[in-house]
Visitor: 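Take a look at the following structure, please.
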Amino acid sequence: MLYISGARLVPDEQVRIALTKMDGIGPKKAIQVCYQLGISENIKIRELTKYQIDQIEQMIGQDHVVHWELKRGERADIERLISISCYRGIRHQDGLPLRGQRTHTNARTCRKLIRK
């Protein structure tokens, strides 16, 4: 198994598909990374050389916010909303839907902790 920025890449997948398994990289960014490095996006991960893998890892580390950095940023945003006690922060804190969804009959999974 190959790990880039904390994400596991399956050796039998094409490069452009394998890169999309990383949080923060979608299909368009995966194709851009392959194009900028001059790597064919259709070759398998196991066919990449060590040099190409290092190039991919370096480019993703420099230009893109991925995996743990992305999750840390999301968590910081939620903590900020909670600390200023805005409506969305309170809903996050209570584990309820934020965007005006109905909670009387729906939202069972997020209300499961509240009922017990």
Visitor: Output the distance between atom OG1 (T103) and atom CG (D94), rounded to the nearest 0.5 Å.
Guide: 11.0 Å
Visitor: Of the non-hydrogen atoms in Q52 and E47, which two are nearest, and what is the gap between them?
Guide: OE1-O, 4.5 Å
Visitor: Taking only residues two or more places apart in sequence or in another chain, which ones pass side-chain hydrogen bond (donor to acceptor under 3.5 Å, both in side chains) with R102?
Guide: T105
Visitor: Indicate every side-chain donor-acceptor pair of residues 75-84 with a distance under 3.5 Å to a residue at least two apart or in another chain.
Guide:
residue: R75; atom: NE; partner: E79; partner atom: OE2; Å: 3.3
residue: R75; atom: NH2; partner: E79; partner atom: OE2; Å: 2.5
residue: S83; atom: OG; partner: E79; partner atom: O; Å: 3.4
residue: S83; atom: OG; partner: R80; partner atom: O; Å: 2.8

Visitor: Y51: what forms a side-chain contact (heavy atoms from CB on, under 4.5 Å) with it, not counting sequence neighbours?
Guide: T49, Q55
Visitor: Sequence neighbours excluded, which residues qualify as side-chain contact (heavy atoms from CB on, under 4.5 Å) partners of P11?
Guide: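 By the side-chain contact (heavy atoms from CB on, under 4.5 Å) rule, P11 matches M1, R46.
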Visitor: List for me each residue that meets salt bridge (Lys or Arg N to Asp or Glu O under 4.0 Å) alongside D54, sequence neighbours excluded, and say none if there are none.
Guide: K50
Visitor: If you apply the rule side chain to side chain contact (heavy atoms under 4.5 Å, CB included), what do you find for E13 with K21, and how did you get there?
Guide: CA-CA 10 Å; E13 288 185 339; K21 304 293 187 207; 3.5 Å; yes
Visitor: Would you call K29 and H64 a side-chain contact if the rule is heavy atoms closer than 4.5 Å?
Guide: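 They are in side-chain contact.
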Visitor: Just how far is it from atom CD of Q93 to atom CZ of R88, taken to the nearest 0.5 Å?
Guide: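 Those atoms lie 14.5 Å apart.
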Visitor: Can you tell if the side chain of P27 reaches within under 4.5 Å of the side chain of R16, non-hydrogen atoms only?
Guide: no
Visitor: Could you check whether D12 pairs with K44 (Lys NZ or Arg NE/NH1/NH2 to Asp/Glu carboxylate O, under 4.0 Å)?
Guide: no
Visitor: Looking at CG of L98 and NE2 of H92, how far apart are the two atoms once the value is rounded to the nearest 0.5 Å?
Guide: 4.0 Å
Visitor: Kindly compute the distance separating NZ (K28) from OG1 (T20), expressed to the nearest 0.5 Å.
Guide: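 So the NZ of K28 and the OG1 of T20 are separated by 15.5 Å.
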Visitor: May I ask you to list the residues sharing a hydrophobic cluster with I43, side-chain cutoff 4.5 Å, ordered by chain and number?
Guide: L2, I4, L9, V15, L19, M22, I25, V33, L37, I39, I45, L48, I53, I56, M59, I60, V66
